[in-house]
Novice: 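Structure provided below as structure tokens; questions to follow.
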Protein chains: 2
Amino acid sequence: MYAEPVCDPSLPMPAPTPWPVIALQPAAHEAAVRRPASRCSTCSLRAVCMPADLSSAELQQLDTLVLTTRIVRRGETLFRTHDPFQSLYAVRTGSFKTVVMHRDGHEQITGFQIPGEPLGLDGVCAGTHNCDAIALEDSSVCIIPFGQLESLCRESRRMQHHLYQLMSGEIVRESSLMMLLGTMTAEQRLAAFLLDLSARFRMRGYSGAQFNLKMSREEIGCFLGMKLETVSRMFSRFHREGLVEPDGKQIRIVDAQGLARV
Amino acid sequence: MYAEPVCDPSLPMPAPTPWPVIALQPAAHEAAVRRPASRCSTCSLRAVCMPADLSSAELQQLDTLVLTTRIVRRGETLFRTHDPFQSLYAVRTGSFKTVVMHRDGHEQITGFQIPGEPLGLDGVCAGTHNCDAIALEDSSVCIIPFGQLESLCRESRRMQHHLYQLMSGEIVRESSLMMLLGTMTAEQRLAAFLLDLSARFRMRGYSGAQFNLKMSREEIGCFLGMKLETVSRMFSRFHREGLVEPDGKQIRIVDAQGLARV
DNA sequence: CGCTATATTGAACTCTGTCAACCGTGGTGG
DNA sequence: CCACCACGGTTGACAGAGTTCAATATAGCG
């Protein structure tokens, strides 16, 4: 029944085979561990990142654009609020959280990103990043220099439209989050959260029925606008009601329909 | 002290002078009252809508793009969820709310838009709108056909970047909303809401100290994730504490710093 | 002028936050 | 190797913020 792959560090992620590419441009402004990227044209995550119908010419251009990846260790930041915005990122392996914070120390997690998902779209507006992006586990990202991406988008109609779609998708994602925070009870929030994660894992070829939460209860709470104790209580309640089978961070969704009805 | 213009229907909005332009293209898919637009090149709201440093050639192209405006009466919708996405809109006069809703009737207002602000950016992602845009009063919008805008953006680097900035700005706006909904008390939310509105009115040349709330207490509550009674109580509390002087929908901010400290 | 929709206020109740105790795990160092 | 500690998670008791329900007041509109 659970033959699909489960997202777990012990299992290999669907990472593209390493494929050395010579960097044509020094990318000196990114102060971090970097290594040549695999080619987008052969990347197994391409279907998640990019429009489906790119021509081979467009793929070649992408390959010359996305030249490097970066490793971010668990707990380290990919970028911080007020960092100058230079690049977009796509998660290759691992996972991230994005955090905005008030002066008074109040934090709000605005999203979790898993492989194939974009990171950094908030920086375009003011030219500086507007949140911290922190790795939940040892992770890697593809680096997409935004200036060059903009140039490519002026040549390729499809790429241009795709970038607009990505940004619009982020807007839509956030408005459903606002709905969640504004109108739902704690129980409904956690159910919606689990179903959303489940769908995203499934879309990427992992099991949607069983997965590993890399974030702590506190982080889940911070994302859903509630306290860790409440998160824990709701997990227990779902367990009692036979909806999920939580085993620490390992979650098995038993009754997805029941969760949706909450 | 209150010499600045107050946003009020009885006072003239800073609307551009009507300027007949012959429509070059039938825009048949928009089923609504339409009339020729004024020129962007002479619009008093241009500084709000558009990048400051457009060349005259770029302005001319804009003028051929934004050919029509549309009147939307109070309570009517500019677009609805699932409507096919064709155009972006910019509020010319009046104001709007955007609403997302759950199947179970739960509604969440995701934003209020005043003159100069964009509407419809959420539709790019899926090609259909993702919320309802409803006029809070008799209003008018500029219609910007998105396909043509994309074409223009492939020619003009500045326009391209501006559109990315607009979308990114929407993402940033929504994440601060999420912070508000996720971490703040009812009191803090209303204070933040009033200060945000105040800043936006001021940026558009209205008074930031005194303005007219076109939305009901219920709509404010729906936006801020609380019930109308709570909104009302918080207004009363602010009044008692000498922070604002509410007179029904007319609001005077007495102590902005005090509001910020809440 | 009167009706309806909107706003205010009060009282009781409920959900979630707060504080605190407790458990299990994994890492560290004696 | 085991004791110890730090950390994350679970659970309980209680308090407080915000909701719900209801009565009343006010404003907007025909």
Side-chain angles (χ1 to χ4, degrees), chain A residues 9-10 74-75 97 104-109 134 136-137 180-194 212-241 244-252 262, chain B residues 8-10 73-75 97 105-109 134 136-138 180-194 212-241 244-252 262:
Chain A
S10 61
R74 180 196 158 102
K97 62 175 175 182
D104 54 9
H106 268 170
E107 292 192 356
Q108 170 75 26
I109 293 180
I134 301 171
L136 295 174
E137 58 192 304
L180 179 145
L181 290 169
T183 71
M184 293 182 169
T185 66
E187 190 178 26
Q188 295 172 318
R189 292 180 202 193
L190 186 60
F193 170 69
L194 291 175
N212 203 299
L213 295 179
K214 295 299 174 187
M215 64 295 281
S216 68
R217 299 288 190 259
E218 179 163 26
E219 287 168 325
I220 295 173
C222 184
F223 178 61
L224 297 178
M226 56 212 231
K227 295 286 134 165
L228 75 182
E229 292 95 331
T230 310
V231 176
S232 189
R233 276 183 241 277
M234 292 307 146
F235 267 121
S236 304
R237 184 183 297 179
F238 287 162
H239 189 197
R240 265 200 310 280
E241 292 169 353
V244 305
E245 201 75 51
D247 176 20
K249 292 185 175 300
Q250 190 72 26
I251 301 290
R252 230 186 74 204
V262 163
Chain B
D8 186 278
S10 61
R73 300 272 160 219
R74 178 195 160 101
K97 63 175 176 181
H106 269 170
E107 291 192 356
Q108 171 75 25
I109 293 181
I134 301 171
L136 295 174
E137 57 194 304
D138 292 356
L180 180 147
L181 291 169
T183 72
M184 293 182 166
T185 64
E187 192 178 26
Q188 296 173 318
R189 292 180 202 192
L190 186 60
F193 171 69
L194 291 175
N212 203 300
L213 295 179
K214 295 301 173 187
M215 64 294 282
S216 68
R217 297 291 189 258
E218 179 163 27
E219 287 167 324
I220 295 174
C222 183
F223 178 60
L224 298 177
M226 57 214 228
K227 297 284 131 167
L228 63 278
E229 292 96 330
T230 310
V231 176
S232 189
R233 277 182 239 278
M234 294 304 145
F235 268 121
S236 304
R237 182 184 297 181
F238 288 161
H239 189 197
R240 266 199 311 279
E241 293 169 353
V244 306
E245 202 74 53
D247 176 20
K249 292 187 177 297
Q250 189 73 23
I251 302 290
R252 231 187 74 204
V262 161

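Every chain is numbered from 1 and lettered A, B, ... according to where its sequence line falls, protein lines coming before strand lines.
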Novice: Expected output is a numbered-order residue list: members of residues 229-241 of chain B with a heavy atom under 4.0 Å from any atom of DNA chain D. What is it?
Specialist: B:Glu229, B:Thr230, B:Arg233
Novice: Rounding to a whole Å, what distance do you find between B:Leu228:CG and C:dA5:C1'?
Specialist: 12 Å
Novice: If you compare all heavy atoms of B:Met215 against all heavy atoms of B:Leu136, which two are closest, and at what distance to 0.1 Å?
Specialist: CB-CD1, 4.2 Å
Novice: From the 5' end of DNA chain D to its 3' end, which nucleotides mark the outer limits of contact with chain B, defined by a 4.0 Å heavy-atom distance cut-off (strictly under)?
Specialist: D:dG18 to D:dC21
Novice: Below 3.5 Å between N/O atoms, which protein atoms pair up with nucleotides 26-28 of chain C? Just atom names and distances, please.
Specialist:
none

Novice: Expressed in angstrom and rounded to an integer, what is the separation of B:Leu136 atom CG from C:dA5 atom P?
Specialist: 19 Å
Novice: Report the residues that fulfil side chain to side chain donor-acceptor pair (under 3.5 Å) with A:Ser236, sequence neighbours left out, ordered by chain and then residue number.
Specialist: none
Novice: Under the side-chain contact (heavy atoms from CB on, under 4.5 Å) test, which residues partner B:Ser232, sequence neighbours left out?
Specialist: none
Novice: If we fit an axis to the first five pairs and another to the last five of the helix from C:dC1-D:dG30 to C:dG30-D:dC1, what angle do they make, to the nearest 10°?
Specialist: 40°
Novice: Can you name the salt bridge (charged side-chain N to carboxylate O under 4.0 Å, His left out) partners of A:Arg74, sequence neighbours left out?
Specialist: none
Novice: Of all residues at least two apart in sequence or in a different chain, which pass the side-chain contact (heavy atoms from CB on, under 4.5 Å) check with B:Glu241?
Specialist: B:Glu187, B:Arg237, B:Phe238, B:Leu243
Novice: Kindly write out the residues that satisfy side-chain contact (heavy atoms from CB on, under 4.5 Å) with A:Glu229, not counting sequence neighbours, or none if the list is empty.
Specialist: A:Lys227, A:Arg233
Novice: Distance check needed: C:dC15 P versus A:Leu190 CG, whole Å only.
Specialist: 17 Å
Novice: A:Glu245 side chain to A:His239 main-chain N or O, any donor-acceptor pair under 3.5 Å?
Specialist: no
Novice: Just the rounded figure in Å: distance from C1' of C:dT6 to CG of B:Asp247.
Specialist: 14 Å
Novice: Using atom NZ of B:Lys227 as one end and atom C1' of C:dT6 as the other, report the distance to the nearest whole Å.
Specialist: 16 Å
Novice: Can you name the side-chain contact (heavy atoms from CB on, under 4.5 Å) partners of A:Ser216, sequence neighbours left out?
Specialist: A:Glu218, A:Glu219, A:Lys249
Novice: Of all heavy-atom pairs between B:Cys222 and B:Glu107, which one has the smallest distance, and what is that distance?
Specialist: SG-O, 3.5 Å
Novice: Sequence neighbours left out, what passes side chain to side chain donor-acceptor pair (under 3.5 Å) with B:His106? Give chain and number order.
Specialist: none
Novice: Is there a side-chain polar atom (N or O) of B:Lys249 under 4.0 Å from OP1 or OP2 of C:dA7?
Specialist: yes
Novice: Take atom CZ of B:Arg217 and atom C1' of C:dT9, then tell me their distance rounded to the nearest Å.
Specialist: 14 Å
Novice: So does A:Met184 get a backbone contact from the side chain of A:Arg189, meaning a donor-acceptor N/O pair under 3.5 Å?
Specialist: yes
Novice: Restricting to side chain to side chain donor-acceptor pair (under 3.5 Å), what partner residues turn up for B:Asp247, sequence neighbours left out?
Specialist: none
Novice: With side chains defined as the heavy atoms from C-beta onward, is the minimum distance between A:Phe235 and A:Ile251 less than 4.5 Å?
Specialist: yes
